[in-house]
Amino acid sequence: MAGDWRGSLRARLMVGVVLLAAVGMVAVNAVSLVGLRLNLVDVADTTLTKTRETVQHRVHSRRAPIDEDDLNSLIPDGAYIALVDGRGRVVAQTPARDLDGRTRSRPDLPTPLPDGFAEQIVTVSARGMPVPRYRTLSFPLGHSATVRPTPGAPPQRFSRVVAAKSLQPAEDVVYWLIGADAAATLAVLGGIVLLSRGVLGVGLRPLRDMATTATAIADGDIDQRIEVARPHSEVGEVGTALNRAFDERQRSEEQLRQFVANASHELRTPLTTIRGWAQLHLHGLAQDPALIERAMLRIEGEAARMHSMVEELLLLARLDQGRPIAHAPVNLGALADDTVTDARVVAPADRSPSRRRTRCSPAATRTGCARCCRTS
């Protein structure tokens, strides 16, 4: 049963349609998700650029040391900022927890921070875990500023700022869309399966009708033909070609039957003649040597005629075509004499008792001249 399913044209077409649809939908979804993620990363990069401008402006205009509250106000929600001194050490950074008490991850920065680190925006993993990742930008202030890491602690100088924006919200959106796209793709593919099953069932119905008609013709109902609704369609062209093939087959069978009938008729005539001459001899009616000679000649001639017919039949069987018509002169006198003589032999009861039997001389038999016969 499984082999029949795999060999079914309807099943193969359905599988092909579903596979093409699935590949197309997956490709479109993948392109859209990649584009969305790139757009979200670009938004994060834009946020970092604006953060750099904001931090530089506020630090330049501030004379007092920056405290923890000021540090949180320098960055947008979900961002991270670290203040680095001249030796590359982080002297202050956003707290590990936000105002709601939830744990806040931090980017994994090298210690000490090398010169030139993240002068262009780069992606950095979170500390101790592969996700979330951060888009990170490092920039100098151009002058020294002070920060108070904790209340009551002495202020410390810093000359460099590292800002980072978490990609967790963007990745959450992408993952949610992956799940939504997968569910939508499966639902659409299920609909395509049902729709293609119905459409293919209707589209392939003419082929099933052709198979039914062909089976009926093979079973002997040779007068049936395929209904062709649209001759110029692909299915219509197949139906027209099959109808022509069925017509040719029927015509060939009729020609074969006619040929067999004609061959039987042609063979019956010499057989009847041979049988008549043979019975004439067996019944003792052919006592005259000339008549016996005539009988033998006629039997030999009809046998040769039958041999020629059999040879022609064998030739037709080998070549499946007729031999070309041969033109030769015919002695009508001999033909008439043979016909009359054969008729008298085959049907002797038709002769009148008063009629005298005629016998022909061997010379007349060989020449076929009816006027040379003499009356006994």
Any side-chain heavy atom of [X] within less than 4.5 Å of one from [Y]?
X      : Y      : answer
Val193 : Met14  : yes
Arg133 : Val124 : no
Val90  : Leu83  : no
Arg37  : Leu167 : yes
Arg249 : Ile217 : yes
Glu171 : Tyr175 : yes
Lys165 : Asp45  : no
Glu119 : Phe139 : no

Under 6.0 Å from the [atom1] atom of [X], do we count more than 12 heavy atoms belonging to anything else shown?
X      : atom1 : answer
Arg257 : CZ    : yes
Asp219 : CG    : yes
Arg208 : CZ    : yes

If Ile, Leu, Val, Met, Phe, Trp and Tyr residues are connected whenever their side-chain heavy atoms lie under 4.5 Å apart, and connections chain through other members, are [X] and [Y] in the same group?
X      : Y      : answer
Val26  : Leu20  : no
Val199 : Val202 : no
Leu177 : Val41  : no
Val34  : Leu40  : no
Trp176 : Leu36  : yes

With side-chain hydrogen bond (donor to acceptor under 3.5 Å, both in side chains) as the criterion, how do Asn29 and Thr185 come out once you've worked through the C-alpha distance, each side chain's angles and the decisive distance to 0.1 Å? CA-CA 9 Å; Asn29 291 337; Thr185 299; 3.0 Å; yes
Worked verdict on Val91 versus Val84 for side chain to side chain contact (heavy atoms under 4.5 Å, CB included): CA-CA 6 Å; Val91 297; Val84 183; over 6 Å; no
Output the distance between atom [atom1] ([X]) and atom [atom2] ([Y]), rounded to the nearest 0.5 Å.
X      : Y      : atom1 : atom2 : value
Asp108 : Thr136 : CG    : OG1   : 10.0 Å
Ile192 : Leu195 : CD1   : CG    : 8.0 Å
Arg52  : Leu137 : CZ    : CG    : 5.0 Å
Leu271 : Ser264 : CG    : OG    : 10.5 Å
Glu300 : Ile274 : CD    : CD1   : 9.5 Å

All side chain to side chain donor-acceptor pair (under 3.5 Å) counterparts of [X], not counting sequence neighbours:
X      : answer
Asp209 : none
Asp247 : Arg225
Asp172 : Gln168

Looking just at side-chain N and O atoms, do Ser138 and Arg160 make a donor-acceptor pair shorter than 3.5 Å? yes
Minimum heavy-atom distance between [X] and [Y], given as atom pair plus value:
X      : Y      : result
Ala164 : Tyr134 : CB-CD2, 3.7 Å
Leu109 : Ala82  : CD1-CB, 4.4 Å
Val238 : Met210 : CG1-SD, 3.9 Å
Leu48  : Arg135 : CD1-O, 3.0 Å
Met25  : Leu189 : SD-CD2, 4.2 Å

Check for a donor-acceptor pair, side chain of Thr215 on one end and backbone N or O of Ala211 on the other, with a separation under 3.5 Å. yes
Check the pair Leu267, Met309 against side chain to side chain contact (heavy atoms under 4.5 Å, CB included), reporting the backbone distance first and the verdict last. CA-CA 8 Å; Leu267 289 174; Met309 289 182 182; 3.7 Å; yes
In plain terms, say whether Arg298 and Glu302 are close enough for a salt bridge, that is, a side-chain N and a carboxylate O under 4.0 Å apart. yes
Lys50 and Glu53 ion-paired at < 4.0 Å: no
